[in-house]
Undergrad: 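Sending over a structure as structure tokens; questions will come in a sec.
Below, chain A is the first sequence line, B the second, and so on; all start at residue 1.
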Protein chains: 2
Amino acid sequence: MAEGGAGPVGGESLLFLTDEQLRKGIEAMFFAYRGFTADPDRILERHDYGRAHHRAMHFIHRSPGTTVNNLLSILGVTKQSLNRVLRTLIEDGLVASQVGRRDKRERHLTLTEKGEALERELSEAQRSRMRAAYRAAGPQAVAGFRQVLEAMMEPEMRRQYMTLRDGGA
Amino acid sequence: MAEGGAGPVGGESLLFLTDEQLRKGIEAMFFAYRGFTADPDRILERHDYGRAHHRAMHFIHRSPGTTVNNLLSILGVTKQSLNRVLRTLIEDGLVASQVGRRDKRERHLTLTEKGEALERELSEAQRSRMRAAYRAAGPQAVAGFRQVLEAMMEPEMRRQYMTLRDGGA
DNA sequence: GATTTTATGTCAGCCTTGTTGACTATCCAA
DNA sequence: TTGGATAGTCAACAAGGCTGACATAAAATC
């Protein structure tokens, strides 16, 4: 803790760990997250949905047939909260809920064609911004970006993320 | 758009721009942001405050004497929303509001000693996680992390961020 | 077969934090 | 001095978190 404004140490600078640098990282997260959600927010507003609907659709799209409980643990909200969102999505015909065959207590959630269409619109907007940022920063920066984000997650969430991450590719 | 699962192009791989990679980046942002806010959230709960209070305190700490309007443009909320938060912070003696000398319409905001104490507690928790993530990822990754985040911001917010960023150091 | 646990859904009610609209106080410029 | 712009406040409403209580069906256990 005593490397005031010191220079390189042991061949590698520790300057990136100063409180000042950390504070900049914190603010970067804050402002970037705003940008990250800005485009979907605009689209959602037109459809009278909120971020909660987006998150639900994202993960249903990602893991079709997932159960309510699965979704709960990924989203980290209460079932009452999720249920409200899910109910409107089902009523509006964006999400289909099917009673499980093996375990009839479970409901398996999938996006309908209409749901897929909106999900595509939302995620394309988000990917588009991410693509621009990635392109501007370059592959090396992207690798670093992902490394830091992964290290910042709660262990439980990192598990979730890794499962999704590696399941996909 | 036609580099299916292709290899390096023009000496530099474009694999990091596939939809799959972008989707991973999106989810990394989602999960990481949760981690990012987890520690302050726990502390805030004990004090009966929310994230809005944290954000206000952060930027008041950062720019002591700032006006309500300044804060508004940084936080990107309506003044009514901010006002409510500010009112409780002032009532609770965490923030001091001083009528401007030159322009008496303005209120200049500063943290009281009590406010500084809470801000320190909150930001230390957040820095601590950030520090761990930075340390785990290393300086190169941190540079990339910041580059991508900066590229992801809305231009207006990037301006704000840059001003703060460069004003501080 | 009876009991307990699990998965889901629903109602009621609360809180935080967004929103818009109306209002006051002050400054500045015609 | 008056009228428009600017800074801030107050009131009321909505979205989406939360807890708690309760219902139902199905699975698992005794």
Side-chain angles (χ1 to χ4, degrees), chain A residues 30 33-34 37-38 40-58 60 65-92 95-110, chain B residues 30 33-34 37-38 40-60 65-92 95-110 122:
Chain A
F30 173 69
Y33 200 78
R34 287 253 294 279
T37 54
D41 282 354
R42 273 188 284 272
I43 295 168
L44 288 159
E45 203 180 359
R46 289 208 307 274
H47 295 260
D48 268 310
Y49 291 126
R51 265 182 220 178
H53 301 83
H54 183 192
R55 291 194 286 264
M57 283 192 286
H58 175 100
I60 294 172
T66 188
T67 63
V68 174
N69 243 359
N70 270 332
L71 215 47
L72 282 180
S73 72
I74 288 176
L75 295 174
V77 296
T78 59
K79 64 175 176 176
Q80 294 88 335
S81 217
L82 175 58
N83 190 256
R84 185 175 17 199
V85 165
L86 234 34
R87 200 188 318 164
T88 72
L89 289 174
I90 291 170
E91 276 170 9
D92 296 353
V95 166
S97 167
Q98 266 207 330
V99 172
R101 274 180 309 179
R102 307 214 320 229
D103 188 333
K104 292 180 191 164
R105 291 171 305 178
E106 296 178 337
R107 300 298 131 92
H108 296 283
L109 304 168
T110 45
Chain B
F30 173 70
Y33 200 77
R34 287 252 295 276
T37 55
D41 282 354
R42 275 188 283 271
I43 295 168
L44 288 159
E45 204 180 358
R46 289 208 307 271
H47 294 262
D48 268 311
Y49 290 126
R51 265 182 219 178
H53 300 85
H54 182 191
R55 291 196 286 264
M57 283 192 287
H58 175 100
F59 286 107
I60 294 172
T66 188
T67 63
V68 174
N69 238 3
N70 268 333
L71 217 46
L72 282 179
S73 72
I74 289 175
L75 295 174
V77 297
T78 58
K79 58 183 173 173
Q80 293 82 341
S81 209
L82 175 58
N83 190 257
R84 185 178 14 205
V85 164
L86 236 33
R87 199 188 320 159
T88 71
L89 289 174
I90 291 170
E91 276 170 10
D92 296 352
V95 167
S97 166
Q98 267 207 329
V99 172
R101 275 180 308 179
R102 308 212 320 228
D103 188 333
K104 291 180 191 163
R105 290 171 305 180
E106 294 179 337
R107 301 298 131 91
H108 296 282
L109 304 167
T110 46
L122 290 165

Undergrad: Provide the start and end nucleotides, 5' to 3', of the part of DNA chain D that has atoms under 4.0 Å from heavy atoms of chain B.
TA: D/dA5 to D/dA11
Undergrad: What residue among A/T67, A/V95, A/N70 forms side-chain contact (heavy atoms from CB on, under 4.5 Å) with A/L109?
TA: A/V95
Undergrad: Considering only heavy atoms, which members of residues 66-73 of chain B lie under 4.0 Å from some atom of DNA chain D?
TA: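 Output list: B/T67, B/V68, B/N69.
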Undergrad: Closest approach of B/K104 and B/V99, non-hydrogen atoms and distance?
TA: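 Of all heavy-atom pairs spanning B/K104 and B/V99, the closest is O-CG1, 3.5 Å.
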Undergrad: Using ring-ring contact (aromatic ring centres under 6.0 Å, His included) as the criterion, list what pairs up with A/F30, not counting sequence neighbours.
TA: B/F59
Undergrad: Taking side chain to side chain donor-acceptor pair (under 3.5 Å) as the test, write out the residues that go with B/N69, two or more places apart.
TA: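 If we apply the side chain to side chain donor-acceptor pair (under 3.5 Å) test to B/N69, skipping adjacent residues, there are no hits.
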Undergrad: Roughly how many Å is it from NE2 in B/H54 to P in C/dT17, rounded to a whole number?
TA: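 Between P of C/dT17 and NE2 of B/H54: 12 Å.
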Undergrad: What are the two closest non-hydrogen atoms of B/R107 and B/S97, and how far apart are they?
TA: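 Reported closest heavy-atom pair: CB-OG, 3.5 Å.
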Undergrad: Using the side-chain heavy atoms of A/N83, tell me which of these nucleotides is nearest: C/dG9, C/dC11, C/dT17.
TA: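 Ranking C/dG9, C/dC11, C/dT17 by closest atom to the A/N83 side chain puts C/dG9 first.
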Undergrad: Under the salt bridge (Lys or Arg N to Asp or Glu O under 4.0 Å) rule, collect the residues that match up with B/R101, sequence neighbours excluded.
TA: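 Residues passing salt bridge (Lys or Arg N to Asp or Glu O under 4.0 Å) with B/R101: none at all.
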Undergrad: With sequence neighbours excluded, what pairs up with A/D41 under the salt bridge (Lys or Arg N to Asp or Glu O under 4.0 Å) test?
TA: A/R51
Undergrad: What pairs with B/S73 under side chain to side chain donor-acceptor pair (under 3.5 Å), at least two apart in sequence or on another chain?
TA: B/Q160
Undergrad: Can you list everything that forms a side chain to side chain donor-acceptor pair (under 3.5 Å) with B/H58? Sequence neighbours excluded, please.
TA: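 Side chain to side chain donor-acceptor pair (under 3.5 Å) list for B/H58, sorted by chain: A/E27.
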Undergrad: Quick one, give me the B/S/- string for nucleotides 19-25 of chain C, reading 5' to 3', where B means a protein heavy atom under 4.0 Å from the base and S means that only happens at the primed atoms, P, OP1 or OP2.
TA: BBB---B
Undergrad: Give, ordered by number, those residues of residues 40-48 of chain B having at least one heavy-atom distance below 4.0 Å to an atom of DNA chain C; if nothing qualifies, reply none.
TA: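 Within this stretch, nothing sits under 4.0 Å of the strand.
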Undergrad: Both B/K104 and A/L109 contact DNA chain C. Which one's nearest nucleotide lies toward the 5' end?
TA: A/L109
Undergrad: So does B/Q98 have more than 12 non-hydrogen atoms from other groups sitting under 6.0 Å from CD?
TA: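 No, because the 6.0 Å sphere around CD of B/Q98 holds 12 heavy atoms or fewer from other groups.
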Undergrad: Enter the distance from B/H108:NE2 to B/D103:CG here, rounded to the nearest 0.5 Å.
TA: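 Interatomic distance, B/H108 NE2 to B/D103 CG, rounded to 0.5 Å: 7.5 Å.
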Undergrad: Please tabulate, one pair per line, all N/O donor-acceptor pairs under 3.5 Å involving side-chain atoms of residues 82-89 of chain B, not counting sequence neighbours.
TA:
unit_1: B/T88; atom_1: OG1; unit_2: B/H53; atom_2: NE2; d: 3.2
unit_1: B/T88; atom_1: OG1; unit_2: B/V85; atom_2: O; d: 2.9

Undergrad: Expressed as a whole number of angstroms, how long is the span from A/E106:CD to C/dG9:C1'?
TA: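 That distance rounds to 15 Å.
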Undergrad: Mind checking if A/H108 touches a base, just sugar-phosphate, or nothing, with heavy atoms under 4.0 Å?
TA: nothing
Undergrad: Return whichever of A/R51 or A/D103 has its heavy-atom-nearest nucleotide of DNA chain D closer to the 5' end.
TA: A/R51
Undergrad: Can you sort out the partners of A/R102 under side chain to side chain donor-acceptor pair (under 3.5 Å), two or more places apart, ordered by chain and number?
TA: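 Counting only residues at least two positions away or on another chain, A/R102 forms no side chain to side chain donor-acceptor pair (under 3.5 Å).
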Undergrad: Can you see if the side chain of B/R55 gets near the phosphate of C/dG18 - specifically, an N or O under 4.0 Å from OP1 or OP2?
TA: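 Checking B/R55 against C/dG18: at least one side-chain N or O falls below 4.0 Å of OP1 or OP2.
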